[in-house]
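Below is one structure, written out as structure tokens, with a few remarks after it.
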Protein chains: 2
Amino acid sequence: MNSRNISPEAQNRIEEMLAKLKSSDFRITPQRYAVLRILAASEEHPSVAEIYESVRAEFPTTSLATVYKTVSLLKDIGEVLELGFHDGNNRYDGNRPFPHPHVICMQCRKIMDPELAGLDDLSAEMNRKTGYKILSHRLDFYGLCPDCQKLA
Amino acid sequence: MNSRNISPEAQNRIEEMLAKLKSSDFRITPQRYAVLRILAASEEHPSVAEIYESVRAEFPTTSLATVYKTVSLLKDIGEVLELGFHDGNNRYDGNRPFPHPHVICMQCRKIMDPELAGLDDLSAEMNRKTGYKILSHRLDFYGLCPDCQKLA
DNA sequence: GTTTTTTTGATAATGGTTATTAAAAAACAA
DNA sequence: TTGTTTTTTAATAACCATTATCAAAAAAAC
């Protein structure tokens, strides 16, 4: 899993995130670069603890606080989508930093990005019906993934 | 806001919740009854802190832990829907204890229940596309309510 | 090279929720 | 009624992911 195994798409996301950091006048430190690379490469919607683990593998002195701050920074500049859960197991998506649906396994916590169109239309409909100016949304489906169905 | 002002619908929900508690072999204590009544009557999706405040108005010795436990119990027996937020301001719906969309004001935190059909179809579609056995879902729209738009 | 600003790392503080436990209340039995 | 068992309450300690604090380190600016 070295740098030669990074897919072109992930490489692209890395460039985008670096560019956004630069244009927002934030420094690109080794720690930030490491966090950013993990977020860009992972399809698993990792938690801060998981990112921390991965970063520690190449930067053993990295602090947990730094990971929190970096993820939060990337979220603030719109390069990472936060999936907050009230049971305290927040997950992060560095590939699609815009609202989109998720399918979540209630057993193993695996999270997928399903294909689903038409949500922007729903937002517009909500706008009309409620008078709220809709700015964002979140749609999560909860269930059992194929693996956990087999085990059950 | 005394008991004579309870709407027929709310009265109905109270009866349903009481019946469910009874059939599940839980005792109907004054504290539980107070919590339950507030949840059944409120359209505001109250937080535990708010429920606690209201309960204290008629039962000044009620403990916060009791409110937490009662709300959790009602959730467990399927009579209350929990809207968990990772910023620690969970809200509860005792009127529609099943998945349904919400419209949330990002400024004043007001929560509404909009009309929106067809979500069960979406769940079925997710089932087909992902292989997950979908059991539940959550759809939140975030924006600014009419009042907060005026103030802005 | 010196100064200024940003970032890091270590750790303390925060705060909603849960766990604990003795006392009170309710249900049950004799 | 009285005693016994079970459930529930009230008070508070514990939990834990996240945030705040701040001195040291690193990078940028001068």
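Residue contacts for B:N90: at a heavy-atom cut-off of 4.0 Å it reaches the sugar-phosphate backbone alone, with no base atom in range.
With sequence neighbours excluded, the residues satisfying side chain to side chain donor-acceptor pair (under 3.5 Å) with A:E15 are A:Q11. Listed by chain and residue number, B:H102 satisfy the ring pair (Phe, Tyr, Trp, His ring centres under 6.0 Å) test with B:H45 (two or more places apart in sequence, or in another chain). Remark: A:S123 engages A:I134, A:H137, B:F141 in a side chain to side chain contact (heavy atoms under 4.5 Å, CB included) (not counting sequence neighbours). Evaluation of the side chain to side chain donor-acceptor pair (under 3.5 Å) rule for A:R109 yields A:D87 as partners, not counting sequence neighbours. Annotation: side chain to side chain contact (heavy atoms under 4.5 Å, CB included) contacts of A:I38 (sequence neighbours excluded): A:I51, A:S54, A:V55. In this structure, the salt bridge (charged side-chain N to carboxylate O under 4.0 Å, His left out) partners of B:E125, at least two apart in sequence or on a different chain, are B:K129.
Bracketed by its first and final contacts, the part of DNA chain C lying under 4.0 Å from non-hydrogen atoms of chain B reaches from C:dG16 to C:dA27 in 5' to 3' order.
In terms of hydrophobic clustering, with Ile, Leu, Val, Met, Phe, Trp and Tyr side chains grouped at heavy-atom distances under 4.5 Å, A:L36 and A:L64 are assigned to a common cluster. When the side chains of ILVMFWY residues are joined at heavy-atom separations under 4.5 Å, either directly or via intervening members, A:F59 and A:L73 end up in a single hydrophobic cluster.
Between B:F98 and B:L81 the shortest side-chain heavy-atom distance does not fall below 4.5 Å. Counting only heavy atoms from C-beta outward, the side chains of B:I14 and B:I6 approach each other to under 4.5 Å.
Taking atom CG of residue A:L83 and atom P of nucleotide D:dT18, one finds them 13 Å apart after rounding to whole Å. Residue A:R27 contributes atom CZ, which lies 8 Å from atom C1' of D:dA26 at whole-angstrom precision. As a whole-Å value, the separation of A:D87 CG from D:dA17 P is 10 Å. Counting to the nearest Å, the P atom of D:dA17 and the CD atom of A:E50 are 12 Å from each other. If you measure from atom CZ of B:F26 to atom P of D:dT8, you get 7 Å, rounded to the nearest angstrom.
Counting only residues at least two apart or on different chains, the salt bridge (charged side-chain N to carboxylate O under 4.0 Å, His left out) pairs with a member in residues 54-67 of chain A are A:R37-A:E58. Listed by first then second residue, pairs satisfying side-chain hydrogen bond (donor to acceptor under 3.5 Å, both in side chains) with a partner in residues 65-81 of chain B read B:R13-B:E79, B:K20-B:E79, B:K75-B:E82, not counting sequence neighbours.
Note on the helix from C:dG1-D:dC30 to C:dA30-D:dT1: terminal axis deviation equals 20°, with five pairs used at each end and the result rounded to 10°.
Between B:R138 and B:D140 a salt bridge is recorded (basic side-chain N to carboxylate O distance below 4.0 Å).
Contacts of residues 59-81 of chain B with DNA chain D (heavy atom under 4.0 Å): B:T61, B:T62, B:S63, B:A65, B:T66, B:K69. A heavy-atom distance below 4.0 Å to DNA chain C is reached by these residues of residues 28-36 of chain A, ordered by number: A:T29, A:Q31, A:R32.
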